[in-house]
Amino acid sequence: MSASAILFDLDGTLTDPKLGITRCIRFALSELGQKSPDADELHWCIGPPIKDSFSLLLNTSDDTVLAQAISLYRSRFATIGLFENSLYPQILETLDAICFAGYRIFVATSKPHIYATRIVEHFGLSSFFDGVYGSELDGSRSVKSELIHHILVTEQLSPAAVVMVGDRSHDIIGAKRNSITAMGVTYGYGTEEELKKNGADLIVHTPDEIARLLIDGYELRLETHVKCKN
């Protein structure tokens, strides 16, 4: 693999956000007087843009209603929910190995970047990343393909030299629409069937497999590699 830059999804790829996301969704629905599904019935909401999830949960496309739901969700998420989260096992070691191998590494998440940055900092991951990219609070760049395009342009990355790593269909679709390699992970919230159906080039089942695939296919250039910021 001749890649030189890696884009990582956040939810379901680097961290397990189930507790925070599902509690915040249930809080918002309750405040709106709606019946709330159990947390285990909300797995499908982890990864896609939150507006899309509320549109399906509330069976509406009314922007006023969706804006109210998102506002309630964020009122809890911004102070409590984003910390109801945990790193997947082996993530620190995986990022360290990829960074040492010389890759540039970025976060590419549909989550608003102000929250993504706080989560990355909370878990002490900032030194591994060359940039943290997410959507805006107004919903712009929440579509993964648009976000990836923005990263490629901003960072002047060649699509042929980039790999997108994510756990859901929108990660794979976003990668394919930008002509970059898509690596699907099955330890998050998407299934192997979902990832393959949408065109994943590679499938891994544990974080350490990400590093092995990337490093086995990439010649280490220790004299010129981009050093991790310590």
Side-chain angles (χ1 to χ4, degrees), residues 8-89 91 107-126 129 132-147 165-174 185-191 194-195 207:
F8 275 96
D9 177 43
L10 181 59
D11 294 342
T13 302
L14 296 174
T15 70
D16 184 349
K18 174 185 173 181
L19 196 61
I21 289 178
T22 57
R23 283 181 175 178
C24 292
I25 289 174
R26 299 182 78 223
F27 168 78
L29 293 175
S30 176
E31 290 295 301
L32 290 170
Q34 299 290 322
K35 183 178 179 180
S36 178
D38 292 337
D40 287 342
E41 297 176 33
L42 293 171
H43 285 185
W44 60 273
C45 298
I46 301 173
I50 193 64
K51 183 177 181 179
D52 294 350
S53 297
F54 275 123
S55 181
L56 292 170
L57 286 165
L58 296 169
N59 191 29
T60 184
S61 58
D62 187 313
D63 285 336
T64 300
V65 174
L66 294 176
Q68 185 180 7
I70 292 169
S71 178
L72 288 165
Y73 173 92
R74 287 175 175 168
S75 70
R76 186 183 187 282
F77 189 82
T79 56
I80 302 171
L82 84 166
F83 300 122
E84 294 173 322
N85 201 347
S86 60
L87 280 181
Y88 283 111
I91 286 297
V107 171
T109 175
S110 295
K111 187 185 297 298
H113 71 84
I114 62 168
Y115 299 148
T117 299
R118 290 176 65 190
I119 292 168
V120 168
E121 291 173 349
H122 174 71
F123 286 112
L125 303 179
S126 300
F129 293 103
V132 177
Y133 288 88
S135 64
E136 301 296 333
L137 290 173
D138 65 4
S140 59
R141 290 197 291 273
S142 61
V143 176
K144 190 58 70 81
S145 59
E146 296 174 1
L147 177 68
V165 182
D167 70 312
R168 298 304 305 270
S169 60
H170 62 283
D171 298 310
I172 308 304
I173 293 168
V185 305
T186 62
Y187 58 80
Y189 288 90
T191 64
E194 174 186 336
L195 298 167

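If you read the sequence from its start, that first residue is 1, and numbering goes on from there. Owing to the predicted nature of the structure, the values given are computational and were not obtained by experimental measurement.
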Ring pair (Phe, Tyr, Trp, His ring centres under 6.0 Å): pairs with one or both residues in residues 17-42, sequence neighbours excluded: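 For residues 17-42: none.
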Inter- and intrachain pairs under salt bridge (charged side-chain N to carboxylate O under 4.0 Å, His left out), touching residues 51-62, at least two apart: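 Qualifying pairs, neighbours excluded: Lys51-Asp63.
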Please list all pairs meeting salt bridge (charged side-chain N to carboxylate O under 4.0 Å, His left out) that have one or both residues in residues 19-35, counting only residues at least two apart or in different chains.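 Checked against salt bridge (charged side-chain N to carboxylate O under 4.0 Å, His left out) - neighbours excluded - the pairs reaching residues 19-35 are Arg23-Glu84.
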Option passing side chain to side chain contact (heavy atoms under 4.5 Å, CB included) with Leu10 (candidates Val132, Val107, Asn85):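 Checked Val132, Val107, Asn85 against Leu10; only one passes side chain to side chain contact (heavy atoms under 4.5 Å, CB included): Val107.
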Going by the rule side-chain hydrogen bond (donor to acceptor under 3.5 Å, both in side chains), which residues pair with [X] if we only count those two or more places apart in sequence or in a different chain?
X: Asp38; result: none
X: Ser75; result: none
X: Tyr187; result: none
X: Ser142; result: none

Between [atom1] of [X] and [atom2] of [Y], what distance do you get to the nearest 0.5 Å?
X: Ile114; Y: Leu137; atom1: CD1; atom2: CG; answer: 4.0 Å
X: Ser135; Y: Leu147; atom1: OG; atom2: CG; answer: 8.0 Å
X: Leu82; Y: Cys24; atom1: CG; atom2: SG; answer: 8.5 Å
X: Asp9; Y: Asp171; atom1: CG; atom2: CG; answer: 4.0 Å
X: Leu87; Y: Thr15; atom1: CG; atom2: OG1; answer: 7.0 Å
X: Ile25; Y: Ser53; atom1: CD1; atom2: OG; answer: 5.5 Å

Sequence neighbours excluded, which residues qualify as ring-ring contact (aromatic ring centres under 6.0 Å, His included) partners of Phe8?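 Phe8 satisfies ring-ring contact (aromatic ring centres under 6.0 Å, His included) with no residue once adjacent residues are dropped.
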Between Ile70 and Phe54, is a side chain to side chain contact (heavy atoms under 4.5 Å, CB included) present by the stated rule, with each step listed? CA-CA 8 Å; Ile70 292 169; Phe54 275 123; 4.1 Å; yes
Output yes when Asp11 and Arg168 qualify as a salt bridge under the 4.0 Å nitrogen-oxygen rule, no when they do not.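 A salt bridge is absent here (no side-chain N lies under 4.0 Å from a carboxylate O).
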Which atom of [X] lies closest to which atom of [Y], heavy atoms considered:
X: Val185; Y: Gly12; result: CG2-O, 4.0 Å
X: Leu58; Y: Ala69; result: CD1-CB, 3.9 Å
X: His43; Y: Asp40; result: NE2-OD1, 3.7 Å
X: Pro37; Y: Leu57; result: CG-CD2, 4.3 Å
X: Ala116; Y: Thr109; result: CB-CG2, 3.6 Å
X: Lys111; Y: Tyr115; result: CD-CB, 3.9 Å

Report the residues that fulfil side-chain contact (heavy atoms from CB on, under 4.5 Å) with [X], sequence neighbours left out, ordered by chain and then residue number.
X: Gln68; result: Leu32, Leu72
X: Glu136; result: His113, Asp138, Ser140, Arg141
X: Ser30; result: none
X: Phe83; result: Arg118, His122

Using only atom types and a distance under 3.5 Å, with no angle test, would you say the side chain of Lys144 pairs donor to acceptor with the backbone of Ala108?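 Judged by distance alone, yes, a pair lies under 3.5 Å.
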Taking the side chain from Asp167 and the backbone from Tyr189, do they hold a donor-acceptor pair closer than 3.5 Å?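 Judged by distance alone, yes, a pair lies under 3.5 Å.
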